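One structure is given below, encoded as structure tokens.
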Number of protein chains: 2
Amino acid sequence: MAVFDVKHVGSLSPAVPREGAGPSPCSACEIRSLTICAPLNDIEQTQMAAIVSTVELQSGNPLFDEGEPADHVFNVTAGTVKVYKLLPDGRRQVTGFLFAGDFLGLANQETYAYSAEAVTLCNLCRFPRRKLENLMERFPRVEQRLLNIASNELAAAQDQMLLLGRKTAREKIASFLILLARRARQRGVNDNPVFVPMSRTDIGDFLGLTTETVSRTFTQLKKSNLIRLLPDSKVELSGREDLEEIAGGF
Amino acid sequence: MAVFDVKHVGSLSPAVPREGAGPSPCSACEIRSLTICAPLNDIEQTQMAAIVSTVELQSGNPLFDEGEPADHVFNVTAGTVKVYKLLPDGRRQVTGFLFAGDFLGLANQETYAYSAEAVTLCNLCRFPRRKLENLMERFPRVEQRLLNIASNELAAAQDQMLLLGRKTAREKIASFLILLARRARQRGVNDNPVFVPMSRTDIGDFLGLTTETVSRTFTQLKKSNLIRLLPDSKVELSGREDLEEIAGGF
DNA sequence: CGAACGTTTGACTATGATCAACCAATGTGG
DNA sequence: CCACATTGGTTGATCATAGTCAAACGTTCG
């Protein structure tokens, strides 16, 4: 029993023109510039559409688990996904939150090296790994794009190591809020108040803190008039300048 | 005044055959299978040699600093390099140690996002970023190789996040020793006793600990008969099985 | 209405940091 | 050649940040 629904977007065989009368969802894709499909022209896009399927994932449901065969890669088109690793005794490290446009599933192992789970209701494009690799042979620009994405992720990972290894709880929370705001801005979403869809536990597992410390630090920042907690998981960054300074470790 | 010496390996212009009578150092390269040059055939290798120069770097000297224009990428051929990021007040996070075969300098920014410095006497191959990019257009296998390397680094970064965010000092030190041993093994070097060329400060900055805690944890492991500290910066992993368990968080 | 869950707050604790002294090895200059 | 300084490492005493354990509160959902 699958925990998510899958729909095929294009025809399965490149020889057959795409089925139905309407255009493939890809041509209407509003976030293409953010995805791995960004460098494709119309013809190439059609070939991409032929191997892609869309996935809808309810909040809290797994996309895949660490150790599973890594048969697919994904592009988030809506919602928020978290990726994490576990220790045998249950300690968890969230290594990233993914939003619309973000790519997911890069690995050269046969199996996923981490688990992925929906934080909110999500939509994703799903590519069979093998078929995408074949396509990349023909479209080197997609491979370049992927290398570009990987480089960015690597830089983000290094920032996160600095945060985890050397920042205080206050600096971690400030950095986190600034990060969410920046990422919202990148995809053209309102960045103040910023939408914070994940739980205190998830935030703690991302920042190397406990939920209690996350909660305490939020109230502390609130009392300093640097943030305001609004309804619907929104946080107003009242003292954005100061938050940036705290986040930067000044 | 440069802190490192540079020698050109091949001719500067691809039109002119490589200078001198002897073969380029690349054809004698003992660690090619570990580097970005691995997928090159002889002809391609010659073109690569034309843009490469070699760098020797004394222990403690910088290769580049965060914020500098990222004009070159590097491949370590001998010795150990550390890469790190700093906070304004001097707090440091070492994000990685690099050994023979390791690639260095990936970034899509105009500037380096981190600093790199020699831990021991080092040799490196230096590639002008722009010229390598041009070469990659012609040799897509090098780009694939680079994507492969980036994927591996990303997986390693996620492991390190788990370590920094969720492991105890004891688990961090055990993980570190196991990591050094595994990496030594990968490049065909004796992995027990393992060579630990970096200082306690560097280890602490890599693991998110202070030098004192690193030192105390070493003595603690020593008293548990899991390791022995040998001369010449060697550490014997006496209880390797147990160390693996501790490192894994059991 | 009650159960379950996520969040907040409080009291106390523990892990690792800080501050400080000491030791061993290495290098320098008289 | 030896006194001395410097550096890296170890150990000790104390402290502070964040973790643990616990309780209460508010929301949401059967």
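Reminder, nothing fancy here: chain letters follow the sequence lines and each chain counts from 1. All values reported here derive from a predicted model rather than from experimental measurement.
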Send over the distance from [X] [atom1] to [N] [atom2], rounded to a whole Å.
| X | N | atom1 | atom2 | answer |
| --- | --- | --- | --- | --- |
| A:K167 | D:dT17 | NZ | P | 18 Å |
| B:K172 | C:dT15 | NZ | C1' | 11 Å |
| B:L221 | D:dG9 | CG | C1' | 16 Å |
| B:R91 | C:dA17 | CZ | C1' | 13 Å |
| A:Q220 | D:dA16 | CD | C1' | 14 Å |
| A:D89 | D:dT20 | CG | P | 11 Å |
| A:E171 | D:dT17 | CD | P | 12 Å |
| A:R92 | D:dG19 | CZ | C1' | 17 Å |

From [options], nucleotide with atom closest to [X] side chain:
| X | options | result |
| --- | --- | --- |
| B:T219 | D:dT20, C:dT7, D:dT10 | D:dT10 |
| A:A169 | D:dT11, D:dA18, C:dT7 | D:dA18 |
| B:R216 | D:dG19, D:dG12, D:dG9 | D:dG12 |
| B:T168 | D:dA13, D:dG9, C:dG16 | C:dG16 |

Problem set entry | Residues in contact with DNA chain D, drawn from residues 200-213 of chain B - heavy-atom cutoff 4.0 Å | B:R200, B:E212
Problem set entry | Six-ring centre of B:F99, B:R187 cation under 6.0 angstrom, axis tolerance 45° | yes
Exercise. Starting at the 5' end of DNA chain C and moving along, which residue's nearest nucleotide shows up first, B:V214 or A:L229?
Worked result: A:L229
Seminar exercise, completed: By nearest-nucleotide position on DNA chain C, the 5'-leaning member of A:R166 and A:F218 is A:F218
Problem set entry | Electrostatic pair A:D191:A:R183 at N-O distance under 4.0 angstrom | no
For this session: Please determine, by modelled atom types, if A:K167 and A:S175 share a side-chain donor-acceptor pair under 3.5 angstrom.
Result: yes
Exercise. Can you check ring pair (Phe, Tyr, Trp, His ring centres under 6.0 Å) on A:F206 and A:F176, steps first, answer last?
Worked result: CA-CA 9 Å; A:F206 181 58; A:F176 176 64; 5.7 Å; yes
For this session: Tell me what B:S199 touches on the nucleic acid: a base, only sugar-phosphate, or nothing, going by heavy atoms under 4.0 Å.
Result: sugar-phosphate
Exercise. Sub-3.5 Å donor-acceptor pair from the side chain of B:N61 to the main-chain atoms of B:L63, do we have one?
Worked result: no
Problem set entry | A:T217 side chain vs A:T213 backbone, donor-acceptor pair below 3.5 Å | yes
Exercise. Between B:F64 and B:Y114, how do the two ring planes meet: parallel, tilted or perpendicular, split at 30° and 60°?
Worked result: tilted
